[in-house]
2 protein chains.
Amino acid sequence: MHTRKAPIEPRDRLADTLYAKFFSGLADETRLRIVRYLLEGPHTAGEIVTELGMSQSRISNQLSCLKWCGYVYAERHGRNVMYRIASPAIGELLSTAQRLVAANACAIAECTQLA
Amino acid sequence: MHTRKAPIEPRDRLADTLYAKFFSGLADETRLRIVRYLLEGPHTAGEIVTELGMSQSRISNQLSCLKWCGYVYAERHGRNVMYRIASPAIGELLSTAQRLVAANACAIAECTQLA
DNA sequence: ACATAATATCATTGATTTATGTTATGTCAA
DNA sequence: TTGACATAACATAAATCAATGATATTATGT
């Protein structure tokens with residue numbers, strides 16, 4: 001028999017560190033806004049700055065953070081840099097989250113505990 | 001025609017705040033370890049304490065945090081409290097993340113930028 | 001070659017949040 | 001009363017975000 005296709009890797013702390021870091025990419029309102037904006041289609045850095053109304057420096061930093069984590073990638077077009085979502089799996093991630101959040105929005109909003 | 005089933009909600013800042021909060025539930029190594037442990041099956045609070053080797057208080061706090069965000073739910077059994085993953089969608093979330101992280105592990109590990 | 005637009009990067013600072021430790025107490029249920 | 005857990009009250013250290021502003025990079029227009 002073949003080994004069964006595991007839906008989830010065996011636990012190990014190294015991986016957990018990595019995943020935590022990965023998820024922290026989305027654990028910030030600004031970055032989430034960028035990601036959701038890009039889910040509507042590619043945009044240049046400048047467009048993102050305008051859309052979110054934040055400083056160029058701030059957006060640029062968050063973009064490079066999203067790049068590190070593999071959420072987006074960048075392509076130079078002339079003097080502009082076009083950003084796009086790196087994989088359709090990111091849309092899935094968000095829509096799965098939506099279902100979970102929808103079932104629980106009030107609890108999350110009210111959460112005063114740690115985290 | 002029916003309205004097309006939207007895979008992603010229209011952007012709005014309130015939702016972004018909520019999602020960011022939701023994702024921050026997984027943006028912590030300890031909580032991730034708990035979630036992954038529970039993906040293997042339900043466990044009592046005490047078992048989790050033992051498995052992770054952390055203080056009861058610390059685990060309990062993180063558990064209630066995970067409860068707020070809707071990742072797990074708790075059921076009393078005698079003097080024990082049994083925790084289980086709240087929805088299979090959480091497994092999906094993790095396995096989608098796995099694919100994304102796998103494609104990018106080194107970059108994430110090396111990330112020194114903000115976030 | 002030079003000026004400039006678009007973007008990235010860097011340093012500094014400060015505010016805020018978060019995680020954690022510790023310790024104590026409260027609550028159920030056996 | 002004790003075992004299993006939750007909750008609270010601090011204190012503290014560390015991480016994170018952001019504001020600001022300077023500088024670097026790259027491409028374009030002149």
Side-chain angles (χ1 to χ4, degrees), chain A residues 13 16-17 20-35 38 42-69 72-84 107-115, chain B residues 13 16-17 20-35 38 42-69 72-84 107-115:
Chain A
R13 292 201 52 174
D16 286 325
T17 307
K21 214 164 170 185
F22 174 74
F23 280 118
S24 75
L26 296 182
D28 174 84
E29 189 182 334
T30 301
R31 288 190 296 268
L32 211 42
R33 288 178 70 191
I34 295 175
V35 167
L38 291 178
H43 289 286
T44 66
E47 286 170 335
I48 299 172
V49 169
T50 304
E51 171 73 17
L52 301 205
M54 294 171 176
S55 79
Q56 184 258 322
S57 166
R58 178 173 169 185
I59 293 292
S60 186
N61 275 326
Q62 299 293 33
L63 280 172
S64 74
C65 169
L66 289 170
K67 230 188 318 180
W68 276 111
C69 285
V72 305
Y73 67 87
E75 240 175 43
R76 179 141 228 146
H77 279 82
R79 15 186 174 197
N80 297 322
V81 176
M82 185 72 89
Y83 281 87
R84 67 183 73 239
I108 299 175
E110 280 165 14
C111 173
T112 54
Q113 296 289 111
L114 315 179
Chain B
R13 291 201 52 174
D16 286 324
T17 306
K21 214 165 171 186
F22 174 76
F23 280 117
S24 75
L26 295 182
D28 174 84
E29 189 181 335
T30 301
R31 288 191 296 268
L32 210 43
R33 288 179 71 193
I34 295 174
V35 167
L38 291 177
H43 289 287
T44 66
E47 286 171 335
I48 299 171
V49 168
T50 304
E51 172 72 17
L52 301 205
M54 294 170 175
S55 78
Q56 183 258 320
S57 165
R58 177 172 170 188
I59 294 292
S60 187
N61 276 327
Q62 300 292 33
L63 280 172
S64 74
C65 170
L66 289 170
K67 230 188 319 180
W68 276 112
C69 285
V72 305
Y73 67 85
E75 240 176 43
R76 178 144 228 145
H77 280 80
R79 13 188 175 195
N80 298 321
V81 177
M82 185 72 88
Y83 281 88
R84 68 184 74 237
I108 299 176
E110 280 165 13
C111 174
T112 53
Q113 297 286 112
L114 313 179

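Below, chains carry the letters A, B, ... as their sequence lines are ordered, and counting in each starts from 1.
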Asks: Calculate the interatomic distance between A/L63 atom CG and C/dA6 atom C1'; express it in whole Å.
Replies: 13 Å
Asks: If you only use heavy atoms from C-beta on, which nucleotide in C/dA5, C/dC28, C/dT9 is closest to the side chain of A/S60?
Replies: C/dT9
Asks: Could you check how far CD of B/E75 sits from C1' of C/dA29, rounded to whole Å?
Replies: 16 Å
Asks: Between D/dA6, C/dC10, D/dA8, which one does the side chain of A/N61 approach most closely?
Replies: C/dC10
Asks: For A/T30, answer base if it contacts any base atom (sugar-phosphate contacts may also be present), sugar-phosphate if it contacts only those atoms, and nothing otherwise; contact means non-hydrogen atoms under 4.0 Å.
Replies: sugar-phosphate
Asks: With nearest nucleotide decided by heavy atoms, which residue, A/Q56 or A/A27, maps closer to the 5′ end of DNA chain D?
Replies: A/A27
Asks: Between atom NE2 in B/H43 and atom P in D/dC5, what is the gap in whole Å?
Replies: 13 Å
Asks: Could you tell me whether the side chain of B/S57 has a donor or acceptor atom within less than 3.5 Å of a complementary atom in the base of C/dG21?
Replies: no
Asks: Please determine, for the side chain of B/S64, which listed nucleotide (C/dT9, D/dT7, D/dA4) has the closest atom?
Replies: D/dT7
Asks: Taking only the side-chain nitrogens and oxygens of B/R31, find out if one of them lies under 4.0 Å from OP1 or OP2 of C/dA19.
Replies: yes
Asks: Counting only side-chain heavy atoms from C-beta out, which of D/dA19, D/dA18, C/dA5 sits nearest to A/S55?
Replies: D/dA19
Asks: By the definition side-chain contact (heavy atoms from CB on, under 4.5 Å), identify the one residue from A/M54, A/H43, A/Q62 that meets it with A/I48.
Replies: A/H43
Asks: Checking A/S60 side chain against A/S57 main chain: does a donor-acceptor pair fall under 3.5 Å?
Replies: no
Asks: Between C/dT7 atom C1' and A/H77 atom NE2, what is the distance in whole Å?
Replies: 15 Å
Asks: Hey, is the side chain of A/R58 poking within less than 4.0 Å of OP1 or OP2 on D/dA19, counting only N and O atoms?
Replies: yes
Asks: Pick the nucleotide of DNA chain D nearest each of B/M82 and A/G78; which residue has the one closer to the 5' end?
Replies: B/M82
Asks: Please give, in whole Å, the distance from C/dA6 P to A/R79 CZ?
Replies: 6 Å
Asks: For B/I59 and D/dC5, what is the distance between atoms CD1 and P respectively, to the nearest whole Å?
Replies: 12 Å
Asks: Heavy atoms only: give me the nearest B/E29-A/A20 pair and the separation to one decimal.
Replies: N-CB, 3.6 Å
Asks: Among D/dA27, C/dG21, D/dC5, find the nucleotide with the atom closest to the side chain of B/N80.
Replies: D/dC5
Asks: Please determine whether a side-chain nitrogen or oxygen atom of B/Y83 lies at a distance below 4.0 Å from atom OP1 or OP2 of D/dA6.
Replies: yes
